[in-house]
Amino acid sequence: MPRPSLQHSARSTITAFVADLEKRGRGTETRRQREGYLGEYLEWAGQTLRLDRPLRAGDLVDEDLALRWLEAAAAGDTRRRFPSAGRRSETERTRSRADEAVREPLQASVAAAAARTTTLNTFSRFLGRPLNLRLPQPVDHPRLAPLEARQKLRRIADQRPTGMTEPCWQRTAALAALVVDTGLSVGALFPLRKSDIDLREGTVTVGEDVFELDPDTTVLLLRQWLKTHALLTGHTDDEVKTGYLKGGEVKEVWITVHPGPTRRGHPTRPAALPAALRTLHVAHQELTRQLFDEPVRLGRFRAEPPSPRPAEQVEHAESVA
């Protein structure tokens, strides 16, 4: 398709840009993110410039204006908006509740700032006027002290945030507890299966290592979440009482707790299917933002990691016993 002119309508150019992304095989979430951020930029630019004409494509690739928008977004003075596509996904519902729960502007995360910058760079290349803006560098947040991590975990375990459903809270609290007990990253814990958790022995097996779990917090949170997991997947006798859509047999520990979005030509994804890593991070961000007035990344809960027992050593001890 011919490249839009800089004099074309900004809104129609955004539409053409998103269509070009689809033509080049970009995924649905990527397209919706690009469209959402450009829509936010367009709205902010209109309110900022107050021109007596509709915004043109060339206005959006003005470097000074683009940098001003990024600064405003970093200060929390813009609102992130995504186009409607029927029922929203669990990730989007969680993000929306988080936005509504916090009235004061919050500093945008480095990941969000990078996504906005990448959107501008990609859009400007589409118009033949590449901005080549530098991506923000990640900030190294220190890990919580072990005592502080335990204190925050106890509060997470005792208090469900307003607007977060019981299953989502249970899943999020169980994951945070495992991060604290094992000292492992979310990426390392993400592939866990139910068979990796032994509630009777109070252990979790990750790869070749076995970690002991806190019986007063982590074991209780995992038992609570795995019971809900069974209800969601329909593996209990009282499954008819739950009212959830069943995803069928799922061995993964981390599953969705709400149905997915309705997309044209595709059936709705039921709840109780393996969750995306981003879904877990967004839920944790909402939970900590409400409880502690600011989001506390899951990685910061990784206190000094304990010394795990090799899985082979555990199996040998059990055979001797």
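In what follows, residues are counted from 1 in the order of the sequence shown.
For Glu22, the side-chain contact (heavy atoms from CB on, under 4.5 Å) partners at least two apart in sequence or on another chain are Arg31. Listed by chain and number, the residues in a salt bridge (charged side-chain N to carboxylate O under 4.0 Å, His left out) with Arg160 are Glu166 (sequence neighbours excluded). Residues meeting the side-chain contact (heavy atoms from CB on, under 4.5 Å) test with Leu55, sequence neighbours left out: Ala10, Leu42, Ala45, Leu49, Leu51, Asp59. The side-chain contact (heavy atoms from CB on, under 4.5 Å) test applied to Glu71 returns no partner, not counting sequence neighbours. For Arg24, the salt bridge (charged side-chain N to carboxylate O under 4.0 Å, His left out) partners at least two apart in sequence or on another chain are Asp20. Scanning for salt bridge (charged side-chain N to carboxylate O under 4.0 Å, His left out) contacts around Asp196 gives an empty result, with sequence neighbours left out.
Scanning both residues, Asp181 and Leu213, for their nearest heavy atoms gives OD2-CA, 3.3 Å. Residue Phe190 comes nearest to Leu280 through the heavy atom pair CD1-CD1, 3.7 Å, listed as atom of the first residue, atom of the second, then distance. Across every non-hydrogen atom of Ala173 and Leu221, the tightest pair is O-CD1, 3.7 Å. Annotation for Leu131 and Ala66: closest pair CD1-CB, 4.1 Å, computed over non-hydrogen atoms. Summarising the geometry of Ala72 relative to Trp44, their closest heavy-atom pair is CB-NE1, 3.7 Å, with the distance given to 0.1 Å. Across all non-hydrogen atoms, the minimal contact from Asn121 to Asn132 is OD1-N, 3.2 Å.
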Practice problem: Would you please test Gln33 and Glu29 for side chain to side chain donor-acceptor pair (under 3.5 Å) and show each step? | Solution: CA-CA 6 Å; Gln33 183 188 72; Glu29 289 304 316; over 6 Å; no
Exercise. Go through the steps to decide whether Asp158 and Arg155 satisfy the test side-chain contact (heavy atoms from CB on, under 4.5 Å), and finish with yes or no.
Key: CA-CA 5 Å; Asp158 293 338; Arg155 185 170 177 189; 5.9 Å; no
Quiz item: Should Glu40 and Trp69 be marked as a side chain to side chain donor-acceptor pair (under 3.5 Å) after you check the CA-CA gap, both sets of side-chain angles, and the distance that decides it?
Solution: CA-CA 9 Å; Glu40 175 192 276; Trp69 173 60; 3.2 Å; yes
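For the residue pair Thr203/Glu212, the side-chain donor-acceptor check at 3.5 Å is not satisfied. With no hydrogens or angles considered, no side-chain donor-acceptor pair links Arg129 and Ser124 at under 3.5 Å.
Taking 4.5 Å as the limit, some side-chain heavy atom of Glu286 sits within range of a side-chain heavy atom of Met164. At least one side-chain heavy atom of Leu65 sits less than 4.5 Å from a side-chain heavy atom of Tyr41. Looking at Thr122 and Phe126, their side chains never come closer than 4.5 Å, going by heavy atoms from C-beta outward. Residues Leu178 and Val253 have side chains not in contact (no heavy-atom distance under 4.5 Å, counting atoms from C-beta outward).
By the 6.0 Å and 45° rule, Lys152 does not stack over the aromatic ring of Phe301.
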